[in-house]
K.L.:
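I have a structure I would like to understand better, so I am pasting it below and will then ask my questions one at a time.
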Amino acid sequence: MAIMSKFLKPVSQEEVDSVKYQTVGTSALAPVNVSVEAEVISVEKVNIKTYFASKGFDIQISEQSPCIGHVESLAFMVASNYRSCKLFLKHIRENVARKCFHINYPVSQLSDCERDTVVAIAEKFGEYGIISNVFFNRYTGFINGVVSSAPRVINFLNGDYLEFYGRTIVERVVKEAAERHNTDYEVYSNAIISKSGEKHELDIVFRVGENVFWSEIKSGKFSDFDCYRRLGVTMGVNPDRHILLAAEKETETAEVISWFYQFYVANIENFKDKVVEMIDKAF
């Protein structure tokens, strides 16, 4: 009883102020001495840099100037009509790869609607100096002209148009999602991550709240999906926060690939809907 009375004696206010109580498991409260210089632990907010650092990656984010509005509109024009103009783009790219900048593209194999679309895009290319001396000969059914050798022109035709399109779609969807979920966001293009001497360039990396996502964009034919799966696993974004925009894939094919590799695969037509689905699923 004497021992019990020792623990049950009244506690002075000075004793209360001099100790801090903590719970360990299911044990009773025990006094712990508190140092005047006790370390204050703060919880760091998740952002793109801290996320990749937690996965062991260094990340380089370049501050790139966004393309101007009319270039963005041109990118949307090309991407939105990709099914109609993809052979025309392929013709241009193949010629440029052979250092032949003259084009002589036949439209006779196209439907009337496809022909009108391709001619409209060719004329818009002419208006913006991408192709000079553009001429559509309605009698012979050929589009003629000379492709510019300017680096930005070549890059745009080789796939930058699709990256501009994808980036704009992601920015719009992410902004709306952040407002919907009452949180903040980040969007970056062409970020470079490195780990153990290996480097990878990420076409688009973005964050909504504490959820980090990755999008890769392919304008041409592509078949090595496993390399992206492995990288996505290492980055910690697979299976639900990783999406590949593959312009050449039909919807059915994209769904099958997505099932096998456990990340989102979309084409131009359903890319926006898949990004919305991916973000909402993360929440």
Side-chain angles (χ1 to χ4, degrees), residues 62 64-170 189-190 201-204 215-225 244-251 253-254 266-269 271:
S62 60
Q64 296 180 329
S65 300
C67 66
I68 63 174
H70 291 301
V71 175
E72 182 181 293
S73 297
L74 180 62
F76 264 73
M77 180 181 185
V78 175
S80 300
N81 293 286
Y82 182 75
R83 299 298 177 190
S84 297
C85 70
K86 66 177 182 178
L87 294 179
F88 178 53
L89 294 175
K90 181 181 179 182
H91 174 80
I92 294 174
R93 289 195 297 265
E94 288 179 345
N95 279 15
V96 170
R98 297 195 300 266
K99 304 300 181 183
C100 175
F101 292 88
H102 291 269
I103 61 169
N104 190 35
Y105 181 71
V107 296
S108 56
Q109 79 275 23
L110 305 178
S111 67
D112 290 347
C113 182
E114 290 173 333
R115 180 199 61 211
D116 292 344
T117 298
V118 171
V119 170
I121 289 174
E123 290 176 345
K124 185 63 71 173
F125 283 175
E127 179 182 344
Y128 290 145
I130 294 172
I131 301 175
S132 60
N133 301 317
V134 172
F135 176 67
F136 171 52
N137 191 323
R138 296 185 178 276
Y139 298 101
T140 63
F142 279 81
I143 297 175
N144 295 286
V146 180
V147 180
S148 170
S149 62
R152 284 190 173 181
V153 167
I154 301 302
N155 291 338
F156 182 88
L157 296 171
N158 280 337
D160 273 3
Y161 74 89
L162 193 60
E163 290 196 22
F164 294 157
Y165 170 84
R167 161 82 186 227
T168 302
I169 291 293
V170 166
S189 297
N190 306 121
E201 184 174 7
L202 310 180
D203 286 340
I204 309 175
S215 178
E216 200 66 19
I217 297 174
K218 290 295 178 185
S219 59
K221 291 184 178 180
F222 178 77
S223 60
D224 189 4
F225 301 98
L244 172 66
L245 169 55
E248 292 288 329
K249 300 303 179 185
E250 298 293 337
T251 300
T253 304
N267 52 34
I268 294 171
E269 289 83 357
F271 180 64

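Positions are given from 1, in the same order as the sequence printed here. As the structure is a prediction and not an experimental result, all values here were calculated from the model.
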K.L.:
Any chance you could measure Asn158, atom CG, to Arg93, atom CZ, to the nearest 0.5 Å?
P.N.:
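Between atom CG of Asn158 and atom CZ of Arg93 there are 6.5 Å.
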K.L.:
What heavy-atom pair brings Asp203 and Glu163 nearest, and what distance separates the two atoms?
P.N.:
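That would be OD1-OE2, 3.8 Å.
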K.L.:
Would you sort out whether Leu157 and Val96 count as a side chain to side chain contact (heavy atoms under 4.5 Å, CB included), showing the intermediate values?
P.N.:
CA-CA 10 Å; Leu157 296 171; Val96 170; 5.6 Å; no
K.L.:
How close do Ser148 and Gly129 get, counting heavy atoms only, and between which atoms?
P.N.:
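Closest approach of Ser148 to Gly129, heavy atoms only: CB-O, 3.7 Å.
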K.L.:
Distance-only, no hydrogens or angles: does the Asn137 side chain make a donor-acceptor pair with backbone N or O of Thr140 under 3.5 Å?
P.N.:
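Yes.
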K.L.:
Search all heavy atoms of Val107 against all heavy atoms of Arg115 and return the closest pair with its distance.
P.N.:
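Nearest heavy atoms, Val107 then Arg115: CG2-CG, 3.7 Å.
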K.L.:
To the nearest 0.5 angstrom, please state how far the OH atom of Tyr82 sits from the OG atom of Ser219.
P.N.:
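Output value for this atom pair is 6.5 Å.
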K.L.:
Is it the case that over 12 heavy atoms from other parts of the model lie below 6.0 angstrom from the CG atom of Asn133?
P.N.:
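No.
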K.L.:
Report the relative orientation of the aromatic rings in Tyr105 and His91; use parallel for angles under 30°, tilted for 30 to 60°, perpendicular for over 60°.
P.N.:
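Taking His91 first and then Tyr105, their aromatic rings sit tilted (interplane angle of 30° to 60°).
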K.L.:
Provide the closest heavy-atom pair for His70 versus Tyr128 in the form atom of the first, atom of the second, distance.
P.N.:
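Nearest heavy atoms, His70 then Tyr128: CB-OH, 4.1 Å.
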K.L.:
Any idea which heavy atoms bring Gly166 and Ile217 closest together, and the distance?
P.N.:
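Nearest pair, atom of Gly166 first, then Ile217: CA-CD1, 4.1 Å.
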K.L.:
Using 0.5 Å steps for rounding, measure from the CD atom of Glu248 to the CD1 atom of Ile268.
P.N.:
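So the gap between those two atoms works out to 8.5 Å.
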K.L.:
Quick check for you: to the nearest 0.5 Å, what is the distance between Cys85 atom SG and Ile92 atom CD1?
P.N.:
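Nearest 0.5 Å value for the SG-CD1 distance: 9.0 Å.
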K.L.:
From Ile121 CD1 over to Ile130 CD1, what is the distance, rounded to the nearest 0.5 angstrom?
P.N.:
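These two atoms lie 10.5 Å from each other.
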K.L.:
Begin from the C-alpha positions of Asn95 and Val147 and carry the test side chain to side chain contact (heavy atoms under 4.5 Å, CB included) through to its verdict.
P.N.:
CA-CA 9 Å; Asn95 279 15; Val147 180; over 6 Å; no
K.L.:
Kindly give the heavy-atom pair with the smallest separation between Leu244 and Lys218, and that separation in Å.
P.N.:
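Heavy atoms of Leu244 and Lys218 come nearest at CD1-CG, 4.1 Å.
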K.L.:
Would you give the length of the straight line joining atom CZ of Phe156 to atom CZ of Phe125, rounded to the nearest 0.5 angstrom?
P.N.:
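Taking CZ in Phe156 and CZ in Phe125, the distance rounds to 5.5 Å.
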K.L.:
Do the charged groups of Arg83 and Glu269 touch, with an N to O distance under 4.0 Å?
P.N.:
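A salt bridge links Arg83 with Glu269.
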